[in-house]
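Take a look at the structure set out below.
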Amino acid sequence: MSFGVWLLMSSIPFEQQRAIALVDCNNFYASCERLFQPQLSNRPIVVLSNNDGCIVARSNEAKALGIGMGTPLFKVKDEIKKYRIAVFSSNYTLYGDLSKRVMDTLKTFTPNVEVYSIDESFLDLAGFEHHNLQQYGEVMRKTVMQWTGIPVSIGIGSTKTLAKTANHLSKKSPTHNGVLNLNAVHDLTAVLESVAIQDVWGIGRRWSDRLHQMGIHTARQLRDADTNDLKKRFNVILARTSQELRGIPCIELEEEQPDRQQIISSRSFGERIEQIHPLQQALSHFVSRAAAKLRKQHLQARHISVFIQTSPHSKDPVTDPYYKNSQSTRLSTPSDNTGELIQHALQLLEQIYQPGHRYLRAGIMLSDLTPYAQRQGDLFAPVVQKSDNNPLMQALDNINQKMGVGTLRYASEGFGGHWQMRQSRKSPRYTTRWDELAVVR
DNA sequence: TCTGGGGTCCTAGGACCC
DNA sequence: TCTGGGGTCCTAGGACCC
């Protein structure tokens, strides 16, 4: 951009304030479960992490009972009985499908949508200034509820961080009708003063502790802190957050999903594993899942790593010491071939496996990913057909897509051993399986 | 007894190059 | 005998997010 053009743009006196909305599904997993079991409408609900380990979602009733996010299930057993809390294993097939319905609904309100996570989207409302954004948000909210049955909250601000803040506030206070537009409030400073520093997007435990020590306790104080000082004492990320609170956009909307940089597949086991054989099966399974994901995105991996670990919560460090290790290797040429990647993974496992430990968790990571279309061959290796041209991988993916994940698999994955995770309270896949549809009498 | 999984970005420091 | 300085790439680790 030439200097003249820059001058011209920056001198436009009444530049339109940007408007970004953050739409967030309320207690998303709990809301999904409730949708198909309306008899639970006033009962507390919690949804568990993989392996039924800890609580990752709570309905408002469960929150009101003081059930904390991330609490291990066994610690709240009494409360669950006492208050008849409904408990579900996580059902990602169901949540993923309902998420897509919500996002599709939102896309009818503006074409510029960044799906930020399974239950959140940023919407660019530029060009909607002639609307009353408060009302527009309320219509959005009503429509999503009517079309999908999922309640959402909406926050609007001139940057992503302010939109996040608005969303946080809209949930806290019922007077906003689930929609809060910070662009329209009279005293933004007072509003930001009411937001605790740890509730600002991008400020986690560590940083909020350090900020408190520096005397910065609220969003307003972070907004007014010296940018260079923040950059020096923390890093540019925090400096950007401060700028965003000032209304200076530093984090752009990303409508196009960038290519993945890594794909991880890992799990805690249903039972502890000591032998190498079930570990081999589990890792083969993890590689299969990751490789399928890789092919779905038309990527190939150049780097693979394997990790295994015992429980960090072991009671006796002498008989049951904590052990974790990982090993990785660089492939001579990028691959998306499940069989080839399994071979590498199992070789890496040999290098780090130590007998005598009770392993709790293992996983693999594929990284250094490049699009298949841009692959570079190995000058000295025989030409191997991969991905799109590989009929075996194609057939594998096609069959598994039609008949269900895991229908066709590598023998090294075995047939379901102890390593498989516990999911004792999973609801049906109401919206994606014919044989699990809800029945109306 | 029982404590998730999958991502991103940034920085510091070492190896290496010219 | 005297032995620089600037740059890039890679990796590990730390912080964050949902």
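Here is the naming used below: chain letters follow the sequence lines, and residue numbers restart at 1 for every chain.
Using a 4.0 Å cut-off between charged nitrogen and carboxylate oxygen, A:Arg330 and A:Asp368 count as a salt-bridge pair.
The residue A:Ile263 sits close only to the backbone: its heavy atoms come under 4.0 Å of sugar-phosphate atoms, none of a base. Counting any heavy atom pair closer than 4.0 Å across all strands shown, A:Ile203 reaches sugar-phosphate atoms only and no base atom. Within the nucleic acid shown, A:Asn50 comes within 4.0 Å of sugar-phosphate atoms alone, with no base atom in reach, counting heavy atoms only. Backbone-only contact: A:Arg272 has heavy atoms under 4.0 Å from sugar-phosphate atoms and none from a base. At the heavy-atom level, A:Asp52 lies nowhere under 4.0 Å from the strands shown. Across all strands, A:Phe234 comes closer than 4.0 Å to no nucleic acid atom at all (heavy-atom distances). Counting non-hydrogen atoms under 4.0 angstrom, A:Arg330 reaches nothing in the nucleic acid.
Classification of the A:Phe109-A:Tyr136 ring pair by plane angle, with boundaries at 30° and 60°, yields perpendicular. Using the six-membered ring where Trp is involved, A:Trp201 and A:Tyr116 have ring planes that are perpendicular, over 60° apart on the 30 and 60° scheme.
Considering only side-chain atoms of A:Lys77, the nucleotide from C:dC18, B:dT1, B:dT3 that sits closest is B:dT1. Of the candidate nucleotides B:dC9, B:dG4, C:dC18, B:dC9 has the atom lying nearest to any side-chain atom of A:Gln261. Listed candidates were B:dC2, C:dC17, B:dG4. Nearest to the side chain of A:Ser49 is B:dG4. For A:Arg240, the listed nucleotide lying nearest its side chain is B:dC9; candidates were B:dG6, B:dT8, B:dC9. Counting only heavy atoms from C-beta on, A:Trp207 has its side chain closest to C:dA15 among B:dG4, C:dA15, B:dC10. Distances from the side chain of A:Asn235 to the nucleotides B:dC10, B:dG6, B:dG4 place B:dC10 closest. The nucleotide whose nearest atom lies closest to any side-chain atom of A:Arg289 is, among B:dG6, B:dC10, C:dA15, B:dG6. For A:Lys293, counting side-chain heavy atoms from C-beta on, the closest listed nucleotide (B:dG7, B:dC10, B:dC2) is B:dG7. Here the side chain of A:Trp201 is nearest to one of B:dG5, C:dC17, C:dA15, namely C:dC17. Closest approach to the A:Phe74 side chain among B:dC2, B:dG5, C:dC18 is made by B:dC2 (side chain taken as heavy atoms from C-beta onward).
When the side-chain nitrogen and oxygen atoms of A:Lys164 are compared with OP1 and OP2 of C:dC18, one or more of them lie within a distance under 4.0 Å. For A:Arg267, a side-chain nitrogen or oxygen approaches OP1 or OP2 of B:dG6 to under 4.0 Å. In this model, the phosphate group of B:dG6 is approached by a side-chain N or O of A:Ser266 to a distance below 4.0 Å at OP1 or OP2. Residue A:Thr71 has no polar side-chain atom (N or O) positioned under 4.0 Å from OP1 or OP2 of B:dT3.
When rounded to the nearest whole Å, the span between CG of A:Leu73 and P of B:dG4 equals 12 Å. Straight-line distance from the CG atom of A:Leu299 to the P atom of B:dG7: 11 Å, rounded to whole Å. Regarding A:Arg422, its CZ atom lies at a distance of 7 Å from the P atom of B:dT3, rounded to whole Å. For A:Asn51 and B:dT1, the CG to P distance is 17 Å, given to the nearest whole Å. The CZ atom of A:Phe122 sits 11 Å away from the C1' atom of C:dC18 (whole-angstrom rounding). Here the P atom of nucleotide B:dC2 and the CZ atom of A:Phe269 are 15 Å apart, to the nearest Å. Put simply, CD1 on A:Ile55 is 16 Å from P on B:dG5, counting in whole angstrom units. In this structure, the CE atom of A:Met365 is 12 Å from the P atom of C:dG13, given to the nearest Å.
Nearest heavy-atom pair across A:Arg223 and A:Ser242 is O-OG, 3.5 Å. When every heavy atom of A:Ile150 is checked against every heavy atom of A:Val144, the shortest pair comes out as O-CG1, 3.6 Å.
With DNA chain B read from its 5' end, the first of the two nearest nucleotides for A:Glu254 and A:Tyr92 is the one closest to A:Tyr92. Comparing A:Lys231 and A:Ser311 along DNA chain B, the residue whose closest nucleotide (by nearest heavy atom) sits nearer the 5' end is A:Ser311.
Nucleotides B:dT3 and C:dC18 are separated by 25 Å at their P atoms, to the nearest Å.
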Practice task
Show your working on side chain to side chain contact (heavy atoms under 4.5 Å, CB included) between A:Met365 and A:Ile263 and close with a plain yes or no.
Solution key: CA-CA 6 Å; A:Met365 178 169 88; A:Ile263 293 174; over 6 Å; no

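Within a 6.0 Å radius of CD in A:Gln351, other residues, nucleotides and ligands contribute more than 12 heavy atoms.
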